Amino acid sequence: MPDPVPVLKLLAKAIRRWEEPAVEKISEETKEDPFRVLIATMLSAQTKDAVTAAASARLFAVARTPRTMAKLRPSRIQKLIYPVSFYRVKAVHVRETCRQILSRFGGQVPATMEELLTLPGVGRKTANLVLILSHASKDNICVDTHVHRIANRLGWVRTRNPTETEHALYRVVPRRYWPRVNLYLVTWGQNVCRPVYPKCGACVVSTLCPRVGVK
Ligand code: SF4
């Protein structure tokens with residue numbers, strides 16, 4: 001199995017030329033506010049970064065706490081977040097999540113995986129990102145489709161879905177890199193190692209990459 005460390009070191013330098021992913025930027029702009037990181041991550045699923053950023057900005061301009069957002073009707077949230085993917089379902093999940101944060105967690109975004117996963121529309125990807133960005137967890141790897149795809153292309157894992165990839169990565173990536181795997185591979189996936197036509201000729205890790213499954 002190729003060693004992930006040399007690749008991660010090269011990517012850490014190479015990604016500096018690009019903008020950070022939308023949720024990372026929102027995390028920095030909001031001083032790691034767990035609520036806005038949670039909501040932005042929910043909106044980001046299967047949605048381009050520019051759309052996530054704009055939708056999050058519109059929604060947070062109207063409401064930026066669970067209490068104020070829970071008062072919005074789903075139809076209003078829908079209009080604010082359109083055109084994120086699955087905006088109708090996400091609007092319902094966002095409001096219900098706000099209500100449950102108020103009723104079950106005293107208005108605070110929970111800080112454990114188990115509790116986060118009980119919120120509507122919150123899966124492991126969202127929970128891991130909230131734990132990493134807003135609760136400073138060093139014990140999580142956040143795996144989305146970019147991380148899943150690139151970890152397989154690099155030959156670090158041989159897995160069928162992001163959940164399998166997450167558990168496999170805990171075994172092969174040194175712990176000190178866990179919180180940063182998502183930032184490095186998502187930025188690489190958006191700009192170089194794209195789902196279709198990856199730019200292998202312009203890739204700084206091409207000599208370390210077996211390009212598993214790349215045609
Ligand atoms: S060499 Fe190609 S497949 Fe491998 S990481 Fe770079 S862009 Fe992706």
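Just so you know, these numbers use all the heavy atoms, side chains as well, and skip hydrogens, waters and symmetry mates. Each ligand, and each atom within it, is numbered from 1 in the order the structure gives. Bear in mind that the values here come from a model prediction, so they are computed numbers and not experimental data.
A donor atom on one side chain and an acceptor atom on the other are not found under 3.5 Å apart for S44 and T52.
Within the structure, ligand 1 has V214 among the residues with a heavy atom less than 4.0 angstrom away.
Within the 2.8 Å limit, C200 places at least one N, O or S atom next to atom 2 (Fe) of ligand 1. Counting backbone and side-chain atoms alike, C193 contributes an N/O/S atom closer than 2.8 Å to atom 8 (Fe) of ligand 1.
Of the protein's non-hydrogen atoms, the one nearest atom 6 (Fe) of ligand 1 is C203 SG, 2.3 Å.
H93 pairs in a side chain to side chain contact (heavy atoms under 4.5 Å, CB included) with only one of the listed residues (C98, P74, P120), which is P120.
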Tell me, with the steps shown, if E115 and T118 meet side-chain hydrogen bond (donor to acceptor under 3.5 Å, both in side chains). CA-CA 5 Å; E115 289 172 320; T118 66; over 6 Å; no
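For A168 against V157, the heavy-atom pair with the smallest separation is CB-CG1, 3.5 Å.
Counted within 6.0 Å of CZ on R104, heavy atoms from surrounding residues, nucleotides or ligands total more than 12; the atom is thus considered enclosed.
Of all atoms in ligand 1, numbered sequentially from 1 with element shown, those under 4.0 Å from a heavy atom of C209 are 1 (S), 3 (S), 4 (Fe), 5 (S).
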